[in-house]
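Comments concern the structure below.
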Amino acid sequence: MSAGVGTVSAQVAHFDQPLQLKGGGLLPAFDLVYETYGTLNAAKSNAILVCHALSGHHHVAGCTPDNPANVGWWDNIVGPGRPLDTDRFFIVGVNNLGGCHGSTGPASASPASGKPWGADFPVVTVEDWVASQARLADHLGIDAWAAVMGGSLGGMQALQWTLSFPERIRHALVIAAAPKLSAENIAFNDVARQAILTDPDFHGGHFYEHGVRPLRGLRLARMLGHITYLSDDQMAEKFGRRLRVGAGSYGFDVEFEIESYLRYQGDKFAGVFDANTYLRMTKALDYFDPALDFDDNLARALARAKAKFLVVAFTTDWRFSPERSREIVHALVHNGQDVAYAEIDSAHGHDSFLMDEPHYHAVVDSYLKRVKL
Amino acid sequence: MSVALERADFDLIASWVQPGERVLDLGCGDGSLLKRLIEERGAKGYGVELEDAEVLTAIGNGINVIQGNLEQGLAGFDDQTFNHVVLSRTLQTVRHTERILGEMLRVGREAVVSFPNFAYWKNRMAVMAGRMPVSEDLPYEWFDTPNLRFFTLLDFEALCAKMQLVIRERQVLDEAGRLVTEEPNFLGSLAVYRLGR
């Protein structure tokens with residue numbers, strides 16, 4: 001693989017105009033932190049927005065100035081000669097509203113009190129994110145994205161872009177996503193939320209002023225989530241029933257490798273992520289349902305989209321299964337809209353969209369090569 | 001498949017597609033037929049293809065290709081969405097023959113089916129000589145062929161009658177891609193049908 005985009009510094013855009021939120025709240029002003037890779041061309045026609053999923057952020061590619069080991073979460077697909085080719089495209093990564101990586105979120109100071117918003121930070125939706133991302137596009141002078149791309153919850157944002165701003169997006173790359181969550185998906189999210197909400201250190205969301213963080217709840221939430229991102233086969237292959245030490249101790253300390261792995265992932269995540277953000281990201285997932293206002297008819301809901309679509313799903317993804325992606329595909333076909341669909345044979349479950357899987361990357365590369373600038 | 005015969009097959013199919021019509025090409029490969037129908041006939045085209053490499057090439061060709069397995073039918077495609085549903089030189093590789101024909105006429109108003117005629121005289125000669133036919137049009141040995149169904153024009157028409165499918169038009173081609181009018185089940189290498197309900 002060629003060298004990536006190198007060292008990248010985050011930037012902050014401040015927005016003074018209030019943002020009306022779908023859930024009824026109003027953000028009087030907000031910041032969005034973002035990174036860019038590549039060069040915006042004179043016609044400003046080569047911009048691709050990368051939307052992040054539940055735990056992602058604006059640091060998509062390259063490394064941060066302070067830490068060469070802090071490599072972006074989708075670095076394997078962004079860079080010179082990579083599918084999101086920075087020699088050709090201008091790539092934008094943004095941290096969503098309500099996030100915990102620099103954009104305005106629950107840990108930010110509320111203008112009313114000067115203290116962290118905490119529980120008072122409004123519940124934000126995919127539609128709200130897209131509206132705020134459109135402000136960022138304005139800020140960057142981008143009338144229309146050549147493409148908006150995302151995996152999982154990020155794919156939902158790419159889809160929503162085609163509906164909120166049909167004129168401002170030419171291609172939508174919707175990866176490992178779904179047109180709405182199933183009851184089972186929502187159930188997993190709620191167990192994760194309950195883990196956080198019932199942690200004594202949560203303090204109703206105002207834990208900042210108590211000088212504590214609901215680490216136990218956040219850790220459990222992440223452990224549960226992580227199970228659903230992997231495939232059974234992959235877990236069997238990677239961990240099996242292997243023990244960390246020779247034999248079972250008939251106690252409750254960590255014994256199996258899978259326990260060790262999940263606890264490590266949970267601890268790592270709880271150490272850096274914000275519990276209020278986690279609650280809001282999962283709620284945004286739960287609420288996303290563009291067909292709701294169209295009698296659950298997805299084809300009618302998508303009829304106003306003008307973008308061309310690439311939809312990608314992964315065979316072992318049971319959280320957002322290929323069947324869910326095909327719902328999007330068939331709604332578009334019903335409408336006579338342009339769509340290509342690839343179903344990638346991958347062992348990595350839902351997390352496949354983050355993996356450096358050659359055929360998957362070739363599909364994205366092949367599709368983007370046809371995008372006219 | 002000879003180049004001449006492939007071109008003749010595509011020529012026939014293209015001649016049946018009117019501008020603006022919606023076409024679904026099953027087993028679309030790299031999308032070359034669809035590309036032609038889109039560029040020359042102004043059709044709105046979609047393809048279904050199973051093989052990764054073909055899907056990748058079709059995407060590179062700008063085709064609306066949908067990766068999927070024809071053996072699982074056309075679930076998800078709505079009824080009567082397409083003017084033509086094409087199955088070009090693929091029916092002999094499909095196990096669920098009746099189901100795919102039924103599905104084609106569920107999602108489309110017309111099914112266009114082409115297939116190699118196993119009763120072509122050269123194939124008959126091969127069997128008379130005691131061996132399964134291997135030729136440019138049937139380039140596989142019996143042990144590695146993707147073909148699952150071996151049938152003739154007469155066989156196919158008997159199935160159409162059984163399924164109550166209406167044969168709207170039939171064209172038969174020889175190996176050079178010329179139209180065959182006499183003794184088609186003997187002199188024809190490839191048959192192309194338009195079917196309806």
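These figures come from a predicted structure and were not determined experimentally. Chain letters run A, B, ... following the sequence lines, proteins first, then strands; residues in each count from 1.
When every heavy atom of B:Val55 is checked against every heavy atom of A:Ala342, the shortest pair comes out as CG1-CB, 4.3 Å. Summarising the geometry of B:Asn64 relative to A:Asp338, their closest heavy-atom pair is ND2-OD1, 2.7 Å, with the distance given to 0.1 Å. The heavy-atom pair separating A:Val339 from B:Tyr46 by the smallest distance is CG1-CE2, 4.2 Å.
Heavy atoms of A:Leu310 lying under 4.5 Å from chain B belong exclusively to its side chain. When heavy atoms are compared at a cutoff of 4.5 Å, B:Ala58 does not approach chain A at all. In this structure, the portions of B:Asp52 lying under 4.5 Å from any heavy atom of chain A include both its backbone and its side chain.
Of the inter-residue distances, the one linking A:Arg370 atom CZ with B:Ile63 atom CD1 reads 7.5 Å to the nearest 0.5 angstrom. Taking OG of A:Ser366 as the start and CG of B:Leu56 as the end, the distance is 4.5 Å to the nearest 0.5 Å.
Counting heavy-atom pairs closer than 4.5 Å to chain B, the top residue among A:Ala313, A:Pro322, A:Ala362, A:Ala340 is A:Ala340. Heavy-atom pairs under 4.5 Å with chain A peak, among B:Thr57, B:Asn61, B:Leu24, at B:Asn61.
Distance alone, capped at 3.5 Å, is enough to place a donor-acceptor pair between the B:Gln67 side chain and the A:Glu343 backbone.
Summarising the local packing, NZ of B:Lys44 is surrounded by more than 12 heavy atoms from other residues, nucleotides or ligands at distances under 6.0 Å. Counting non-hydrogen atoms of neighbouring residues, nucleotides and ligands closer than 6.0 angstrom, the CE atom of B:Met163 exceeds 12 such neighbours.
Exactly one residue among B:Ile66, B:Val107, B:Asp78 makes a side chain to side chain contact (heavy atoms under 4.5 Å, CB included) with A:Val333. That residue is B:Ile66.
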